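Owing to the predicted nature of the structure, the values given are computational and were not obtained by experimental measurement. Labels below follow one simple rule: chain letters A, B, ... track the order of the sequence lines, proteins then strands, and each chain is numbered from 1.
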Amino acid sequence: MITVSPAPIDVAAELDALEAGVGAVASFTGLVRGDDGVTELELEHYPGATESALEQLAAEAEARWNLSAVRIVHRVGPMTPGERIVFVGTASAHRGAALEACAFLIDRLKTDAPFWKRETRGGTTTWVEPRGTDDLAAARWRR
Amino acid sequence: MITVSPAPIDVAAELDALEAGVGAVASFTGLVRGDDGVTELELEHYPGATESALEQLAAEAEARWNLSAVRIVHRVGPMTPGERIVFVGTASAHRGAALEACAFLIDRLKTDAPFWKRETRGGTTTWVEPRGTDDLAAARWRR
Amino acid sequence: MAVEMLYFAWVRERVGTGSELVDVPGEIDTVAALLDWLARRSERHAAAFADRGRLRAAIDQHFVPLDTPLGRAREVAIFPPVTGG
Amino acid sequence: MAVEMLYFAWVRERVGTGSELVDVPGEIDTVAALLDWLARRSERHAAAFADRGRLRAAIDQHFVPLDTPLGRAREVAIFPPVTGG
């Protein structure tokens, strides 16, 4: 259900697996943007705690919506612009459940899973600062 | 931006095209469900009017959210369980825009585009009746 | 006025054809009046158009309510509520 | 009490290591007190922990506020707010 790995993300294979026997599949893919001068992005994570946090998010989604499958794939290590950082996929008999659960998972992943991004621009590396909009997006799913 | 065709839908190729140079890609895939005894699904459409309706929906989404790309692929003709009926994909610098626009497009497509589904179960074919929940889902996007 | 009629889904099946060219008298002024006029001419049309609440229409590929004036319509489509996606 | 300290991102860089085993005195009762104690022992730790508002913590891989009692913690991680996805 959860993969945290330095390997590139194969979205076609992920979608194929989600599609088995259901009516609706929603997905989100986050990619390294190259439009602001970034030449490399490195993802650091907290091994073990990361997987637990993602498993817990997936379990929350499955408790809240009627899902037949959930996949969260997060890449770690160095990446270049255009490469996929994260894939979230949800499958359900109903499109509303698939779409909402997909949005829930990526919003909450941004604030609840121990990943840290470091950007390289030219010779300079900087740690990415968290954004207040991410906290707001995650907060709308709390009831 | 819009494809209406009897050809199978290649989601991997669609996602590849959407990913060019952006930060966020959201997608929805609707599939023929086989769990309720359906052996064949046939999609009829209104050629010309269908493409216009989908183009108009895509233009509405682009006016409402900051999107770098929109793809709507809808299959027509006969299909079997497990096959993809529709693919909606959106690309944006921001995940919120991609996710919301994707949900908007599939919700509105259900009520605004001239497609009709006919199901075959055993030897019997029946036209699918519209669902009130589809009207409600589409209505929440009207402002 | 020459109008190309298009029928889809079970409307098409009940009428028995997907399209027909009809010469509409000048006094037929709305889509609903056009359906009445067609229903008077044939039992198949009458059966197809019996339940108006389940019919939708488009004039020249734009969705319109059934009480919409025909104007200079060249193509009128009649069909059930859509069920795509 | 032996505690495995883990540091991530710029906290790791400022401390100068990703992990260290420390023997925590019994009177050190919360994560915040643990940070104070580590900061008194080394300038690198003091610099890494200076801005408490930018620090987050986990005890045995569960995220907790800094004022959480250490209890029988075996692993304490200190890191900046997360930025994945």
Side-chain angles (χ1 to χ4, degrees), chain A residues 2 4 9 28-33 38 41-57 72-77 79 84-88 102-119 125-135 137-138, chain D residues 2-22 24 30-32 34-35 38 44-85:
Chain A
I2 303 298
V4 178
I9 299 172
F28 176 83
T29 307
L31 303 112
V32 183
R33 290 174 60 184
V38 170
L41 185 77
E42 180 147 11
L43 255 292
E44 180 169 332
H45 76 302
Y46 181 173
T50 308
E51 289 81 352
S52 298
L54 298 181
E55 293 281 2
Q56 192 181 316
L57 282 184
I72 304 174
V73 186
H74 205 297
R75 198 167 166 196
V76 292
M79 278 159 255
R84 300 173 188 124
I85 305 168
V86 61
F87 171 89
V88 171
C102 182
F104 164 87
L105 286 168
I106 186 66
D107 281 347
R108 289 283 302 276
L109 184 154
K110 290 256 178 192
T111 60
D112 290 24
F115 293 102
W116 299 273
K117 286 193 183 112
R118 187 171 57 181
E119 294 175 339
T125 67
T126 49
W127 291 96
V128 171
E129 289 293 319
R131 297 183 312 173
T133 54
D134 286 337
D135 290 331
Chain D
V3 172
E4 176 82 10
M5 298 298 305
L6 298 180
Y7 308 115
F8 294 101
W10 55 255
V11 177
R12 172 179 53 71
E13 291 180 333
R14 291 185 194 176
V15 171
T17 184
S19 67
E20 59 183 336
L21 194 64
V22 294
V24 181
T30 66
V31 176
L34 175 59
L35 295 182
L38 289 163
R44 294 196 73 118
H45 290 76
F49 304 154
D51 186 355
R52 296 291 164 92
R54 298 179 68 209
L55 295 184
R56 301 293 180 268
I59 294 179
D60 293 331
Q61 307 203 347
H62 290 96
F63 296 100
V64 296
L66 296 188
D67 59 359
T68 305
L70 284 177
R72 305 171 75 81
R74 283 181 298 185
E75 180 178 294
V76 175
I78 308 296
F79 43 81
V82 303
T83 56

Worked verdict on Leu105(A) versus Asp107(A) for side chain to side chain contact (heavy atoms under 4.5 Å, CB included):
CA-CA 6 Å; Leu105(A) 286 168; Asp107(A) 281 347; over 6 Å; no
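Interface remark: Thr111(A) contributes backbone atoms only to the contact with chain D (heavy atom separation under 4.5 Å). Contact annotation for Phe8(D): both backbone and side-chain heavy atoms come within less than 4.5 Å of a heavy atom of chain A. For a residue to count as touching a neighbouring chain, one of its non-hydrogen atoms must lie under 4.5 Å from one of that chain's; by this rule Arg54(D) touches chain A with the side chain only. Of the atoms belonging to Glu42(A), not a single heavy atom falls under 4.5 Å from chain D. For chain D, the nearby part of Asp112(A) is the backbone; its heavy atoms alone come within less than 4.5 Å.
For the set Trp127(A), Phe87(A), Phe115(A), the count of heavy-atom pairs under 4.5 angstrom toward chain D peaks at Trp127(A). Contact count against chain A (heavy-atom pairs under 4.5 Å) is highest for Pro80(D) among Pro81(D), Pro80(D), Ala77(D).
Residues Glu51(A) and His74(A) have side chains that never bring a donor and an acceptor to within less than 3.5 angstrom of each other.
Remark: aromatic rings of Phe28(A) and Phe104(A) are distant, center separation not under 6.0 Å.
Checked by atom type and distance alone, the side chain of Arg14(D) never pairs as donor or acceptor with a backbone atom of Ala48(D) at under 3.5 Å. A distance-only check finds a donor-acceptor pair linking the side chain of Glu44(A) to the backbone of Ala9(D) [under 3.5 Å].
Look at Glu13(D) and Arg118(A) and you find a salt bridge, because one of the NZ, NE, NH1 or NH2 atoms lies within 4.0 Å of a carboxylate O, short of that distance.
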